[in-house]
Structure formats: structure tokens, C-alpha cells
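Notes to accompany the following structure.
Nothing here was measured: the structure is a model prediction, and the numbers come from that model. Heads up: numbering here begins at 1 and tracks the sequence.
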Amino acid sequence: MISRMPREILIIDDTPEDRAILRRYLQLETEYVNTFIEAENGEEGLQRYLEHAPDCVLLDYQMPDMDGVELLEALREASPFGIFPIVLLTGISSQSVALTAMKLGAQDYLIKGQAGPEEVSRAVRNAMDRTSMLTILDEQRRSLEAKNAELERRNAELDQFAYVASHDLKAPLRGIATIANWIQEDLGTQLTPEIANQLRRLSGRVSRMEGLIDGLLQYARVGRIVVQPERVDTGALVRETIDLLSAPPEFQFAIASGMPTFLTERLRLQQVFLNLIGNGVKHHHRPDGRITIGWEDLGTMSQFSVSDDGPGIEPQYHEKIFTIFQTLLARDKMENTGIGLSLVKKIVEEQWGRVTVESSPGEGTTFRFTWPKSPRKETHANVE
């Protein structure tokens, strides 16, 4: 024998005959054992609701002291979440009444005289199921809002920490660089090649540390602080980026014709090009290298490529180069923070894109990344 689930129904209706009909209809159910609480006016119905917290409310629209809509407003204020299982009963078919009832929280409505046992049972079940779902969604929304508030607070703390750390870490570095310059000036003609080499290495370490601090700040900000989108001519952006690099005069750059123009975060896209083109210059084994910048239309995305004719990268290092702090050359041979490509990967993926590398020793290197043609839709609290 299948046990039936208990369920408590509050019927608020000023007509005893209508209350009796609803009781009889719901007593025919085989899935539930229904018990009933009754009220013959709005004030009494509100009191019964507060006392019993029923599983569902059947509410008559036409009552002498307050109509169903007024009682709905009172019930909504009394409910902890403003969500409760309620079915409005009307004597006439009125779309405006039904719409108002739904806006105030009613889950369904029935027309008296036209609803039989099956329709009444179905309306009660639907009201309870929908209320249960809405309650879960409301709890999840509240939880998400609380987590977002906590995340915003932590982000603000992180921003403050980053600012303080940057200031406090850079101050002694500037002092070290100044002292190194003083030593070089004071030694004058007594400066030996060995000491000059050590001072150059010291200056390189200071520059690397400053670059590391700046890189870490940029890496931490990706995805939390967004630049306002603007219309960007990517061809002009690439030419501007090349000018910033101050590459050797023998270096050649080829930019594909017809580079796209679209609305995007200019600074983020420029950071990607700056790192990829800059890597091609920095790691080239010749002063007369060549870098080619191309693009391809992929529908909602554009795919850009940055190719060089440099020494290339061994296949086993293709994943490693995108890991933060990873470098392929010893830092004694080349000052490098190991943040550039990891920053590229993080920026591109934050824009829903993908970055890949194709390279073999002696065959040069090609980086490809995809970028959306329109800005992301989500709203950010912080804007640079």
C-alpha cells in the first residue's frame, strides 16, 4: 500500500458552499491526505495563514472586507521570502485580474464553476511545485548576492594591498638603483671591467624586479577591472604597438591588409599584441628579424597571428611558456619576468578566446589568438 503525503490547505472564501466544493474535490486525491483550514474573510484568512503556514492557499477574489488582490499584498508582506503557494479563485474570466494576481505572487488562478476536481488538484500541485522552485532560486540568488558582496570586499582589499605592496616594494628598488649609480660615478676612472659588469647585472636585477611587480599587478587585475569598450582599428593599434617597442632599425614588420575594426577593450588587446610582438623582438637571434601580423575572420571572433622567423621553440616547451614565472633562457642570459605570455593567456581567455603556439627549432614561431568582435555582456562593478 502506497502511503499518502499529508498536506494542509487554507481555503479563504466567504461562501460556505464554495468552500465545501473545494474540500470535496481535494479529498478525491490519491497522492495526498489533505487537511483543511477555512476562513470566510480576508482578515481571518491572514490570521490563519500566520498561525498555520499552510502548504497551499485557495483564495477567493470577491470578499466583503478585502478583495483577493488586497489580501495577496498582505500575504506577500507576511511571507518570509514573498513567495508562497497560492491559487486565486475568480467568478469571472478576467485577464487583468489574473495578471495582477500573478504579479503579486499567485502561482495560478481558477474560474469558479468551470474548474472540476482534476483542475483544482492540478492547480494546487502546480502552485506548490512552482513555489518550491522559486524558493530555491530565491535562496540561491540571496546566497549569490552575499558571495558577490564578499568578493567585492575582498577585491577592494586586494586592490589596496597591491597598491601598498607596489609602493613599498618599488621604493627600496629605486634606492638600490640610485646607490649603484652613485658607486659608478664615485669610482670614475677606477671602475674596473669586473665592477662595471657587476653593476650592470645589479641594474638588470632591479629592472627585472620592477617588471615583476608591474606584471603581477597587471595579472591580478585581469578580469576584475575592465576598460570601457571603444571602437578600435586593430591595424592602427598594431602600428602604434610596434612604435612603442623601439625595435632595432633593421627589424622588419609586415601587417596584413584589411585588419578589422570593432568595439572592444583597447588596453587589453594592446597588452596582448605588445607581449607577443615584443617577445618576437626580444628573443630573436638576429637584429634583422621579421615579424608578420595577420588575421582571419571566424564569424563572431577574429583570429590574429603574430609570426617571427626567430630560433623557434622546442615542442615540449609549448605549454610551459604560458605558465607564470616560466622562462626558457636563464635570467643571467636575458632579463625576463616570465609573466608576459601567462598574462596574454589570462587576458585572451577572460575575453572568451584561446591562444596557441606553433613552433619548431629553426622554423620560427607563430602565436594565434581569438578575440570577440563585440564586447562581453556582463556588468563589472569596477571600471578603470
Side-chain angles (χ1 to χ4, degrees), residues 144 147-148 151-152 154-155 158-159 162 214-245 253-281 291-308 313 318-324 326 338-359 365-384:
L144 186 59
K147 289 178 181 177
N148 283 340
L151 183 60
E152 288 179 7
R154 290 181 180 273
N155 281 342
L158 182 59
D159 286 338
D214 289 337
L216 284 172
L217 288 175
Q218 291 180 21
Y219 190 87
R221 285 173 176 162
V222 172
R224 296 192 301 109
I225 300 177
V226 68
V227 182
Q228 285 287 4
E230 58 183 287
R231 187 155 292 280
V232 176
D233 178 342
T234 57
L237 182 69
V238 169
R239 289 190 289 275
E240 177 187 319
T241 302
I242 291 170
D243 288 340
L244 291 173
L245 290 171
F253 296 92
I255 304 173
S257 61
M259 293 279 282
T261 297
F262 46 66
L263 195 67
T264 191
E265 297 173 28
R266 177 187 179 87
L267 178 60
R268 294 289 182 243
L269 184 56
Q270 186 167 42
Q271 283 179 300
V272 173
F273 278 123
L274 193 62
N275 277 287
L276 293 180
I277 299 173
N279 265 9
V281 174
I291 293 180
T292 302
I293 296 93
W295 80 285
E296 183 180 351
D297 190 338
L298 299 182
T300 59
M301 309 284 281
S302 289
Q303 178 174 268
F304 297 96
S305 61
V306 177
S307 304
D308 65 55
I313 304 170
H318 286 185
E319 292 297 326
K320 179 181 178 182
I321 58 175
F322 292 109
T323 304
I324 194 168
Q326 293 296 319
I339 294 179
L341 289 178
S342 62
L343 182 61
V344 165
K345 187 174 188 291
K346 188 172 183 182
I347 292 174
V348 169
E349 290 181 351
E350 200 262 341
Q351 293 285 338
W352 303 332
R354 184 169 178 262
V355 59
T356 59
V357 60
E358 301 164 11
S359 184
T365 300
T366 296
F367 287 96
R368 301 185 194 277
F369 69 92
T370 53
W371 195 270
K373 292 180 181 178
S374 57
R376 297 163 300 154
K377 301 297 183 184
E378 63 264 30
T379 302
H380 295 260
N382 298 319
V383 179
E384 282 182 335

Distance from [X] atom [atom1] to [Y] atom [atom2], nearest 0.5 Å?
X: I277; Y: I242; atom1: CD1; atom2: CD1; value: 5.0 Å
X: T292; Y: D308; atom1: OG1; atom2: CG; value: 9.0 Å
X: K373; Y: T261; atom1: NZ; atom2: OG1; value: 11.5 Å
X: T264; Y: Q228; atom1: OG1; atom2: CD; value: 12.0 Å
X: S359; Y: I321; atom1: OG; atom2: CD1; value: 8.0 Å
X: S302; Y: W295; atom1: OG; atom2: CH2; value: 5.5 Å

So do [Y] and [X] actually touch side chain to side chain, heavy atoms under 4.5 Å?
X: Q351; Y: T370; result: no
X: I293; Y: F273; result: yes
X: F369; Y: R354; result: no
X: V232; Y: L263; result: no
X: F262; Y: S374; result: no
X: V281; Y: I291; result: yes

Option passing side-chain contact (heavy atoms from CB on, under 4.5 Å) with [X] (candidates [options]):
X: F367; options: T356, V344, L341; result: L341
X: E296; options: Q303, R368, M301; result: Q303
X: L274; options: L343, L245, L269; result: L245

May I ask you to say whether K345 pairs ionically with E350, meaning some side-chain N is under 4.0 Å from a carboxylate O?
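No, this pair does not count.
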
For G294 against A256, the heavy-atom pair lying closest together:
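Taking G294 first and A256 second, the nearest heavy atoms are CA-CB, 3.8 Å.
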
Take V272 and W371 through the test side-chain contact (heavy atoms from CB on, under 4.5 Å) and record every step on the way to the result.
CA-CA 10 Å; V272 173; W371 195 270; 4.1 Å; yes

Taking E358's backbone N and O only, do any of them form a donor-acceptor pair with H318's side chain (distance below 3.5 Å, no angle check)?
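No, H318 side chain to E358 backbone: no donor-acceptor pair under 3.5 Å.
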
May I ask you to decide if P260's main-chain N or O and T234's side chain share a donor-acceptor pair within less than 3.5 Å?
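Yes; at least one donor-acceptor contact below 3.5 Å.
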
Is there a side-chain contact (heavy atoms from CB on, under 4.5 Å) between Q270 and E240? Walk through the geometry before answering.
CA-CA 9 Å; Q270 186 167 42; E240 177 187 319; 3.1 Å; yes

Derivation and outcome, side-chain contact (heavy atoms from CB on, under 4.5 Å), residues I255 and M259
CA-CA 8 Å; I255 304 173; M259 293 279 282; 4.0 Å; yes

For T366 and V306, what are the C-alpha separation, side-chain angles and deciding distance, and is it a side-chain contact (heavy atoms from CB on, under 4.5 Å)?
CA-CA 6 Å; T366 296; V306 177; over 6 Å; no

